Amino acid sequence: MLKKILYGLVGLFALILIFSAFLPATYHVERSITVNVTPDKVYPYIQNFAEWEKWSIWATLDPNQKLTVSGEPGKPGHKQEWDGPINGKGSMTIDSSENNVYVKMSLVFDEPQAMVAVSKFELKPKENQTIVIWHNEGNLDYPIGRIFGLFLDSMIGKDFEAGLSKLKEVVEK
């Protein structure tokens with residue numbers, strides 16, 4: 001009986017390894033929303049991490065987290081670090097930006113699971129409106145990260161949708 005259980009576990013482990021080998025090694029999550037203001041009204045809320053508390057879904061999910069913001073908003077090196085019981089520990093740092101056009105940043109998650117990602121906000125003018133596009137992408141470790149990747153779009157995507165809805169509400173006031 002013990003031998004059958006052992007063979008079953010080895011077989012399951014082998015299936016996981018084989019299945020994971022055929023899964024993508026990267027992920028990309030993207031959501032967008034149209035807001036009824038011009039890009040110059042949206043940009044200040046995405047290029048300054050001190051403004052994120054007004055619309056970020058993660059700020060409301062972990063109200064006891066410690067947030068630290070440093071550097072000049074909108075410039076490379078502008079950084080937010082967080083440490084909380086729900087959101088874990090990590091940081092995001094602006095790598096590049098163009099005023100009223102985009103902000104690109106590096107994300108580093110230290111806890112609970114180490115991971116590095118790239119996030120980008122694009123602002124596309126459309127008459128007196130702005131299409132705000134939020135991208136996030138990164139590499140997935142083999143084998144478990146690749147399996148986890150199957151669920152990232154639905155997990156992160158719903159947070160992006162909630163955050164973008166809140167951003168719309170804030171910028172349209």
Side-chain angles (χ1 to χ4, degrees), residues 2 4-33 45-47 49 51-71 76-97 102-124 131-169:
L2 187 58
K4 286 182 182 181
I5 292 173
L6 183 60
Y7 286 147
L9 289 174
V10 168
L12 180 62
F13 185 69
L15 278 174
I16 289 171
L17 292 176
I18 292 167
F19 178 69
S20 297
F22 292 99
L23 294 175
T26 61
Y27 75 93
H28 180 89
V29 176
E30 181 179 310
R31 296 294 189 275
S32 65
I33 195 166
Y45 289 95
I46 60 170
Q47 61 91 33
F49 294 137
E51 296 291 333
W52 280 48
E53 285 187 65
K54 295 177 182 171
W55 62 269
S56 170
I57 189 71
W58 296 296
T60 57
L61 291 175
D62 198 351
N64 296 321
Q65 70 183 344
K66 180 184 175 201
L67 290 174
T68 306
V69 176
S70 60
H78 181 54
K79 184 176 192 174
Q80 180 185 74
E81 297 174 274
W82 64 87
D83 189 354
I86 297 170
N87 291 336
K89 184 176 182 178
S91 65
M92 59 184 163
T93 307
I94 292 180
D95 295 325
S96 62
S97 64
Y102 78 91
V103 176
K104 184 177 179 184
M105 62 201 81
S106 297
L107 296 170
V108 177
F109 301 95
D110 299 316
E111 296 173 4
Q113 177 65 38
M115 188 173 175
V116 176
V118 174
S119 197
K120 183 177 182 181
F121 284 89
E122 290 182 80
L123 304 177
K124 298 193 180 247
I131 301 169
V132 181
I133 306 166
W134 192 353
H135 309 262
N136 184 276
E137 57 189 25
N139 294 321
L140 299 167
D141 292 335
Y142 174 83
I144 302 300
R146 292 185 185 185
I147 292 171
F148 183 65
L150 294 172
F151 307 100
L152 276 177
D153 189 78
S154 62
M155 290 170 47
I156 297 173
K158 70 180 172 80
D159 289 345
F160 280 16
E161 290 165 8
L164 288 169
S165 291
K166 183 70 174 170
L167 178 64
K168 177 180 174 76
E169 178 184 315

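Model, not experiment: these values are computed from the prediction.
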**OP:** Measure the CD-OG distance between Glu122 and Ser32 for me, rounded to the nearest 0.5 Å.
**Re:** 10.0 Å

**OP:** Might you confirm whether atom OH of Tyr142 has over 12 heavy atoms from other residues, nucleotides or ligands at distances under 6.0 Å?
**Re:** yes

Original post:
Do NZ/NE/NH1/NH2 and the carboxylate oxygens of Glu169 and Lys166 come within less than 4.0 Å?
Top reply: yes

Subject >> From CD1 (Ile156) to OH (Tyr27), nearest 0.5 Å >> reply: 5.0 Å

Original post:
Looking at CD of Glu51 and CD of Gln80, how far apart are the two atoms once the value is rounded to the nearest 0.5 Å?
Top reply: 11.5 Å

Subject >> Axial cation check for Tyr102 ring with Lys120, 6.0 Å and 45° limits >> reply: yes

Subject >> Considering all heavy atoms, the nearest Ile57-Ala162 contact >> reply: CD1-CB, 3.8 Å

Original post:
Got a sec, which residues hit side-chain contact (heavy atoms from CB on, under 4.5 Å) with Pro76, two or more places apart in sequence or on another chain?
Top reply: none

**OP:** Quick one: sort the Phe49 and Trp52 rings into parallel, tilted or perpendicular, breaks at 30° and 60°.
**Re:** perpendicular

Original post:
What's the shortest heavy-atom distance between Pro85 and Asp62, and which atoms?
Top reply: CD-OD1, 3.3 Å

**OP:** List the atom of Arg146, the atom of Ala21, and the distance in Å for their closest heavy-atom pair.
**Re:** NH1-O, 3.7 Å

Original post:
Quick check: are there more than 12 heavy atoms from other residues, nucleotides or ligands sitting under 6.0 Å from CZ of Phe148?
Top reply: no

**OP:** Can you measure from OG (Ser106) to CG (Asp95) and round to the nearest 0.5 angstrom?
**Re:** 3.0 Å

**OP:** Say whether, by atom type as modelled, one donor and one acceptor occur between the side chain of His78 and the main chain of Thr93 under 3.5 angstrom.
**Re:** no

**OP:** Check whether any side-chain N or O of Ser154 sits under 3.5 Å from a backbone N or O of Phe151 as a donor-acceptor pair, and report yes or no.
**Re:** yes

Subject >> Gap separating the CG atom of Leu164 from the CZ atom of Arg31, nearest 0.5 angstrom >> reply: 9.5 Å

Original post:
Between His135 and Glu30, is there a donor-acceptor pair closer than 3.5 Å when you use the side chain of the first and the backbone of the second?
Top reply: no

**OP:** Check the pair Val132 / Leu123 against side-chain contact (heavy atoms from CB on, under 4.5 Å), numbers first and verdict last.
**Re:** CA-CA 5 Å; Val132 181; Leu123 304 177; 3.8 Å; yes

Original post:
So, for Leu140 and Gly149, which heavy atoms are closest and what is the spacing to 0.1 Å?
Top reply: CD1-CA, 3.8 Å

**OP:** Compute the centroid of each ring, for Phe109 and then for Trp58, and state whether the two points are separated by less than 6.0 Å.
**Re:** no

Original post:
Between CG of Leu17 and CG of Leu12, what distance do you get to the nearest 0.5 Å?
Top reply: 9.5 Å

Original post:
Taking all atoms of both residues into account, what is the closest heavy-atom pair of Gln47 and Ile94, and its distance?
Top reply: O-CD1, 3.6 Å

Original post:
side-chain contact (heavy atoms from CB on, under 4.5 Å) between Ile147 and Leu23: does it pass, once the steps are laid out?
Top reply: CA-CA 7 Å; Ile147 292 171; Leu23 294 175; 4.0 Å; yes

Original post:
Are Gln65 and Ile86 side-chain neighbours, meaning at least one heavy-atom pair lies under 4.5 Å?
Top reply: no

**OP:** Applying salt bridge (Lys or Arg N to Asp or Glu O under 4.0 Å), name anything that partners Asp141, two or more places apart in sequence or on another chain.
**Re:** none

Original post:
Do you know which two heavy atoms are closest between His28 and Asp153, and how far apart they sit?
Top reply: O-OD1, 4.2 Å

Subject >> Parallel, tilted or perpendicular: rings of Phe160 and Trp134 (30°, 60°) >> reply: parallel

Subject >> Heavy atoms of other groups near Glu53 CD, more than 12 under 6.0 Å >> reply: no

Subject >> Leu167 vs Lys54, side-chain contact (heavy atoms from CB on, under 4.5 Å): CA-CA, chis, key distance, verdict >> reply: CA-CA 8 Å; Leu167 178 64; Lys54 295 177 182 171; over 6 Å; no

